[in-house]
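FYI, side chains are in, hydrogens and waters are out, and symmetry mates aren't considered; it's all heavy atoms of this structure. By convention in this document, chain letters (A, B, ...) are assigned in the order of the sequence lines, proteins followed by strands, and residues within each chain are numbered from 1.
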2 protein chains.
Amino acid sequence: MAKIVIVEDDVYLREELESILEKEGYSVESISSFDSPLEDIISASPSLIILDLNLPNLSGFQICRYLKARGIGPILVLTSRNQLRDELHALELGADDYLTKPCHPKRLIARIQKLQHLYANMHILLDAGDFQLDEKANVLYVGKNSISLSENEGMIMKSLVKAVPSVVKKEELFNQLWGSSEYVDENILQVNMTRLRKTLDEVGLSNRIKTVRGIGYQLIGGSYQ
Amino acid sequence: MAKIVIVEDDVYLREELESILEKEGYSVESISSFDSPLEDIISASPSLIILDLNLPNLSGFQICRYLKARGIGPILVLTSRNQLRDELHALELGADDYLTKPCHPKRLIARIQKLQHLYANMHILLDAGDFQLDEKANVLYVGKNSISLSENEGMIMKSLVKAVPSVVKKEELFNQLWGSSEYVDENILQVNMTRLRKTLDEVGLSNRIKTVRGIGYQLIGGSYQ
DNA sequence: ATTAACTCTTACAGTTGTTGTAAGGTTAGA
DNA sequence: TCTAACCTTACAACAACTGTAAGAGTTAAT
């Protein structure tokens, strides 16, 4: 069954939510902002995130932006903040719906179902700031242009974008693409990096993949650095 | 610029909406339920529909369902009905968001932008009952299976599905695929029909394209016949 | 400055998928 | 039965993608 992650520090409210969702058949995982919420959410790979904004440790807005850039969602903000500016801000940063507490369980469920239905047919774009990557179709959008990537190019790009601003280890990339292969030439990754860089050049994204000698590769630029 | 269709009978409210949206740069077309709203909406091919529920001639719910079945949207319901059951009903029938009047212009605009953004990345599936066609990606979904169609196969399939249950004239298909070509062999359509049929066979969709001798081809079966 | 390890680039060939052509076979209906 | 309409199959051209190979360039430590 679909897994929903709840990011909420209020224990009472959290349990109430869990009860509602579990009755509806969802598998629920709750995360508080005192743990390492971002990593936990990603590793749970939920089909929907319910997010409170009033977290003592970390701004809900930051979580929104972080998750959206990595193509994780949908995000439903459920908060007691009923100010319009909060709603506008959340929606702008990537929240997909914004409900204020108290919220009738049926409304919550209806909105959850709507978002999940919308997302089922969506091609999620990984956002790197000045370009977006459709990881299902392997298409790169740069301003008004777009270019289609090959399977290999898409896989590499996906890893780089998701890791921003970290460095992706070359072993990691190698294993991901050729880990199950019998034997491949040792420079296969380099060749494919050259090809990807050339493709990026064609759409004006030059010098965006940095080589970190001995370690791996890193996507640079965009809105994150 | 993006076109928004407003379905609203209250003249005053309609003009207020038009003013708000036009200030935001949208091109707006208003439709009242006294005309032939369904056809008008489709022929306007809007990028979003703002729908009132309290229409004297036709239920807003009916409009929702009608539009959704034809893959037209997104639909934003904007109504004075603030009962939960109305919202649930509208969402279930295909509305993508539900706002109650009075609604702050900024909230309306934010929700509109959110929906348009979601839809821009959505692959709408043409529904033929027992299978679905993703016309952007040329992928055919049959139950839990899916198969990727070639460009030609996808174009033909798209025409057939959209025309169901009518016959598509062979000249029409020919012009659509090879109309701009210098010269092509006269049996090119037949060859491609054979290929498409063979591909459909592979996913269990046998004998679904009927030849109408002298006229063209017709998709049969599914939930429409 | 030298050197060795690391990285990049380019050309080539094999593979796969798509497409149009050509030739011949089959079917429907008068 | 006869013929126009339709179907099928094989073939070759083409484009895209991929891995291999060889050689060139770059970096950082000595």
Side-chain angles (χ1 to χ4, degrees), chain A residues 137-140 146-158 160 167-203 206-220, chain B residues 137-140 146-158 160 167-203 206-220:
Chain A
N138 282 339
V139 173
L140 202 63
S146 70
I147 194 168
S148 170
L149 304 180
S150 76
E151 198 64 30
N152 279 354
E153 288 173 328
M155 290 282 280
I156 296 174
M157 206 58 196
K158 193 167 101 181
L160 293 176
V167 178
V168 181
K169 295 199 186 70
K170 53 185 182 180
E171 291 81 21
E172 224 167 87
L173 284 171
F174 185 91
N175 288 333
Q176 208 175 331
L177 276 93
W178 300 279
S180 62
S181 304
E182 188 72 18
Y183 166 82
V184 283
D185 204 286
E186 58 164 341
N187 83 337
I188 186 69
L189 178 57
Q190 292 165 20
V191 171
N192 277 273
M193 291 307 296
T194 298
R195 285 172 180 156
L196 175 56
R197 280 168 168 154
K198 196 177 155 204
T199 302
L200 294 181
D201 276 354
E202 287 173 25
V203 286
S206 300
N207 300 96
R208 295 296 293 274
I209 298 178
K210 181 180 154 193
T211 303
V212 182
R213 198 180 170 85
I215 309 289
Y217 299 89
Q218 180 185 24
L219 190 66
I220 59 172
Chain B
N138 282 340
V139 174
L140 202 62
S146 69
I147 194 168
S148 170
L149 305 180
S150 76
E151 198 65 30
N152 280 353
E153 289 173 326
M155 290 284 280
I156 296 174
M157 205 58 197
K158 193 168 100 182
L160 293 176
V167 178
V168 181
K169 296 199 186 72
K170 53 185 180 179
E171 291 80 20
E172 223 168 88
L173 284 171
F174 185 91
N175 289 333
Q176 210 177 330
L177 276 92
W178 300 278
S180 62
S181 304
E182 189 72 18
Y183 168 81
V184 282
D185 205 286
E186 59 164 340
N187 82 337
I188 186 68
L189 179 58
Q190 292 165 21
V191 171
N192 278 273
M193 291 306 296
T194 297
R195 285 171 180 159
L196 175 55
R197 279 169 168 153
K198 196 177 156 203
T199 302
L200 293 181
D201 276 355
E202 288 175 24
V203 287
S206 301
N207 301 94
R208 295 296 293 274
I209 299 178
K210 181 180 156 194
T211 303
V212 182
R213 202 180 169 82
I215 309 289
Y217 300 89
Q218 182 186 23
L219 191 65
I220 59 172

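One interatomic measurement links the two molecules: CG of A:Asn138 to P of D:dA16, which rounds to 16 Å at whole-angstrom precision. Computed from coordinates, the A:Glu186 CD to C:dC6 C1' distance equals 10 Å when rounded to whole Å. Rounded to an integer number of Å, the gap from CE of B:Met193 to P of D:dT9 is 16 Å. In this structure, B:Gln190 places its CD atom 17 Å from P of C:dT19, rounding to the nearest Å. D:dT20 atom C1' lies 8 Å from atom CG of A:Asn187, rounded to whole Å. Atom-to-atom, CD1 of B:Ile215 to P of D:dC6 comes out at 9 Å; the value is rounded to the nearest Å. One interatomic measurement links the two molecules: NZ of B:Lys170 to C1' of D:dA5, which rounds to 7 Å at whole-angstrom precision. Summarising the geometry, the separation between CD on A:Glu202 and C1' on D:dA16 is reported as 13 Å, rounded to the nearest angstrom.
Taking only side-chain nitrogens and oxygens, A:Thr194 comes nearer than 4.0 Å to OP1 or OP2 of C:dT9. An OP1 or OP2 oxygen of D:dA5 is reached within less than 4.0 angstrom by no side-chain nitrogen or oxygen of B:Thr211. When the side-chain nitrogen and oxygen atoms of B:Tyr217 are compared with OP1 and OP2 of D:dA5, none of them lie within a distance under 4.0 Å. Close to C:dT10, at under 4.0 Å from its OP1 or OP2, lies no side-chain N or O of A:Lys198.
Rounded to the nearest 0.5 angstrom, A:Asn152 CG and A:Gln176 CD are separated by 11.0 Å. Annotation: the span from A:Met155 atom CE to A:Asn192 atom CG amounts to 11.0 Å, rounded to 0.5 Å. Between atom NZ of residue A:Lys170 and atom CG of residue A:Leu189 there is a gap of 8.5 Å, rounded to the nearest 0.5 Å.
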Please produce a list of atom pairs where a protein N or O lies less than 3.5 Å from an N or O of nucleotides 17-19 of chain D.
{"unit_1": "D:dT18", "atom_1": "OP1", "unit_2": "A:Asn152", "atom_2": "N", "d": "3.4"}
{"unit_1": "D:dT18", "atom_1": "OP2", "unit_2": "A:Ser150", "atom_2": "OG", "d": "2.7"}
{"unit_1": "D:dG19", "atom_1": "OP1", "unit_2": "A:Trp178", "atom_2": "NE1", "d": "2.8"}
{"unit_1": "D:dG19", "atom_1": "OP2", "unit_2": "A:Asn152", "atom_2": "ND2", "d": "3.1"}
{"unit_1": "D:dG19", "atom_1": "OP2", "unit_2": "A:Trp178", "atom_2": "NE1", "d": "3.4"}
{"unit_1": "D:dG19", "atom_1": "N7", "unit_2": "A:Arg195", "atom_2": "NH1", "d": "3.2"}
{"unit_1": "D:dG19", "atom_1": "N7", "unit_2": "A:Arg195", "atom_2": "NH2", "d": "3.4"}
{"unit_1": "D:dG19", "atom_1": "O6", "unit_2": "A:Arg195", "atom_2": "NH2", "d": "2.4"}

N/O to N/O distances under 3.5 Å, protein versus nucleotides 27-30 of chain D:
{"unit_1": "D:dT27", "atom_1": "O4'", "unit_2": "A:Arg213", "atom_2": "NH1", "d": "3.3"}
{"unit_1": "D:dT27", "atom_1": "O2", "unit_2": "A:Arg213", "atom_2": "NH2", "d": "3.2"}

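A pairwise comparison of heavy atoms in A:Arg195 and A:Glu153 identifies O-OE2, 3.4 Å as the closest pair. Minimum heavy-atom separation, B:Tyr217 to B:Leu160: O-CD2, 3.8 Å. Shown here for A:Ser146 and A:Val139, the closest heavy-atom pair between the two residues is CB-CG1, 4.0 Å. Considering every non-hydrogen atom in both B:Leu140 and B:Met157, the closest pair reads CD1-CG, 4.5 Å.
Although no hydrogens or angles enter the test, the distance criterion places a donor-acceptor pair under 3.5 Å between the side chain of A:Arg208 and the main chain of A:Ile220. A donor-acceptor pair under 3.5 Å is formed between the side chain of A:Arg197 and the backbone N or O of A:Ile209.
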